[in-house]
Amino acid sequence: MNMNVREILENITKKHASDIFVVAGRPLTYKVSGKMHTYQEERMKPDMCRDFVTAIYELADHRDISQFETTGDDDFSFAIVGVSRFRVSTYKQRGSYSAVIRIITFTLPQPSELMIPDAVMELANTNKGMVLVTGPAGGKSTTLACLIDKINTEQEAHIITLEDPLEYLHTHKKSIVSQREICTDTENYLTALRASLRQSPDVILLGEMRDYETINTAMTAAETGHLIFSTLHTIGAANTIDRIIDAFPAAQQHQVAVQLSMVLHAVVSQRLLPTTDGKMVPAFEIMVLTPAIRNIIREGKTHQIDGMIYTSTNENMLAMDTSIFRLYQKGIIDKKTALANASNPEMMSKKIGAI
């Protein structure tokens, strides 16, 4: 295989790929709309993977590869002018160099093109509190970037983003946007978050809430009048709340539940589904905290949340199964996909059968 890595990245980007996989034992592979494609037939050998990964570090302004060589893991991003930005996760498997490269466009697509509901985008108008975007890998960063761009376009604010690594680059519009990359611009999320509170922020984007100290600091920031956006790898609002509370020692959990019930403003859970035309589309669950839901969180009755979202008359509330059913009604996804991703497949089957 011709190892002109820059040219390979450019060619695969033109194919509208989302990810590139460099793993020994199989051909160089890329993903388009959830489906895997091979770039060439030749299987990648360990020495080819090493050369490919080393070339990526050179393209990333000659980033120091020693940390990866020592620890076996590294995350960073870089750009190729006129091509795209790339988010890279390098790792070792079976002793050989490997990488997964996420392709990130320079310009943000319109929320309508991504089928992000207006109810999600309206969260950009929140004054304070915590907004969480959750779900499996894929789509969360783009949704958050769209929210940040809306604030940047419409409001005069200081927005601080703490990301690992930086993905979408925001230009200063009405707002000032300070984008900090973990390990490059600052030591870690917790240090950066604590420092950001002294930097006159109106909005803080916290790439990920990884431990209870970071969660605790984020909740304190939301409590003191800042708007905090962050992510968790959870599915559904109820699981998200349980995950946050469970991150704390048992003796603190009731106090944390009370605090969370006051500072949390909304939880958006999303997952990407395959469409009938071979692309991907997001389905959303949206929970905006009402007095009743705040009370449920305080009382530790999070198992009631799914039912409250499903039966809510609040136009900004949306159950995941409702979102999936609407996608099926519009012919965007098929019956098999709808049933496979439904929280209640039996109820989904009945609704589909009633059409």
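R63 has its side chain out of reach of F78: every pair of non-hydrogen atoms, C-beta onward, lies at least 4.5 Å apart. Within the 4.5 Å cutoff, the side chain of H265 has no heavy atoms near those of the L227 side chain. With contacts defined as side-chain heavy-atom distances shorter than 4.5 Å, the pair K351/D321 does not qualify. In this structure, I12 and L28 have side chains that are in contact, with non-hydrogen atoms separated by less than 4.5 Å. Contact annotation: the side chain of F68 approaches that of Y97 to within less than 4.5 Å [non-hydrogen atoms, C-beta and beyond]. A 4.5 Å side-chain heavy-atom check between L260 and F248 finds every atom pair outside the cut-off. Residues E208 and H233 meet the side-chain proximity criterion, which asks for heavy atoms closer than 4.5 Å. Using a 4.5 Å heavy-atom threshold, the side chains of T275 and M115 count as separate.
T214 and D211 share a donor-acceptor pair across their side chains, judged by distance under 3.5 Å alone. For Q199 and S178, the side-chain atoms include no donor-acceptor pair closer than 3.5 Å. Under the 3.5 Å distance criterion, with hydrogens and angles disregarded, no donor-acceptor pair is assigned to the side chains of D73 and T71. Judged purely by distance below 3.5 Å, without hydrogens or angles, the side chains of Y328 and T337 never pair a donor atom with an acceptor atom. Between the side chains of E122 and N125, at least one donor-acceptor pair of N or O atoms lies under 3.5 Å.
For CG of D277, the number of neighbouring non-hydrogen atoms (other residues, nucleotides, ligands) closer than 6.0 Å is greater than 12. Within a 6.0 Å radius of CD in Q304, more than 12 heavy atoms belonging to other residues, nucleotides or ligands are found. Residue H37 places its NE2 atom among more than 12 non-hydrogen atoms of other residues, nucleotides or ligands, all under 6.0 Å distant. Within 6.0 Å of the NZ atom in K45, the count of heavy atoms belonging to other residues, nucleotides or ligands does not exceed 12.
In terms of hydrophobic clustering, with Ile, Leu, Val, Met, Phe, Trp and Tyr side chains grouped at heavy-atom distances under 4.5 Å, V5 and I65 are assigned to a common cluster. In the hydrophobic cluster analysis, where Ile, Leu, Val, Met, Phe, Trp and Tyr join through side-chain heavy atoms closer than 4.5 angstrom, V53 is grouped apart from F21. Follow the hydrophobic side-chain contacts under 4.5 Å out from Y310 and you never reach I324; the two are in separate clusters. Hydrophobic clustering of Ile, Leu, Val, Met, Phe, Trp and Tyr side chains at less than 4.5 Å, counting indirect connections, keeps I309 apart from M320.
Pairing each heavy atom of S261 with each of L289, the nearest pair is O-CD2, 4.0 Å. G278 and S33 make their closest contact through O-CB, 2.7 Å (heavy atoms, listed as atom of the first residue, atom of the second, distance).
Ring orientation note: the planes of Y30 and Y39 are nearly perpendicular, at an angle over 60° on the 30°/60° scale. Between F76 and Y57, the angle of the ring planes lies from 30° to 60°, which puts this pair in the tilted group.
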Item to complete: Evaluate the side chain to side chain donor-acceptor pair (under 3.5 Å) criterion for residues S77 and E163: first the C-alpha distance (whole Å), next the side-chain angles of each, then the deciding distance (0.1 Å), finally the verdict.
Response: CA-CA 10 Å; S77 62; E163 302 171 73; over 6 Å; no
Item to complete: List the steps and the verdict of side chain to side chain contact (heavy atoms under 4.5 Å, CB included) for I8 and F52.
Response: CA-CA 10 Å; I8 291 170; F52 198 106; 4.0 Å; yes
Item to complete: Tell me, with the steps shown, if T224 and H226 meet side chain to side chain contact (heavy atoms under 4.5 Å, CB included).
Response: CA-CA 6 Å; T224 53; H226 302 92; 3.4 Å; yes
Discussion item. Checking C146 against D149 for the side chain to side chain contact (heavy atoms under 4.5 Å, CB included) test, could you report, in this order, the C-alpha distance in whole Å, the side-chain angles of both residues, the deciding distance, and whether it holds?
Written reply: CA-CA 5 Å; C146 288; D149 185 62; 5.6 Å; no
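Put simply, the residue from N316, I293, D306 that forms a side chain to side chain contact (heavy atoms under 4.5 Å, CB included) with M287 is I293. For the side chain to side chain contact (heavy atoms under 4.5 Å, CB included) criterion with M209, the lone passing option out of I215, T217, N216 is I215.
Remark: the backbone N or O of S112 is not paired with any side-chain donor or acceptor of Q110 at under 3.5 angstrom. Counting only distance, with no hydrogens or angles, the side chain of S323 and the backbone of F284 share a donor-acceptor pair below 3.5 Å.
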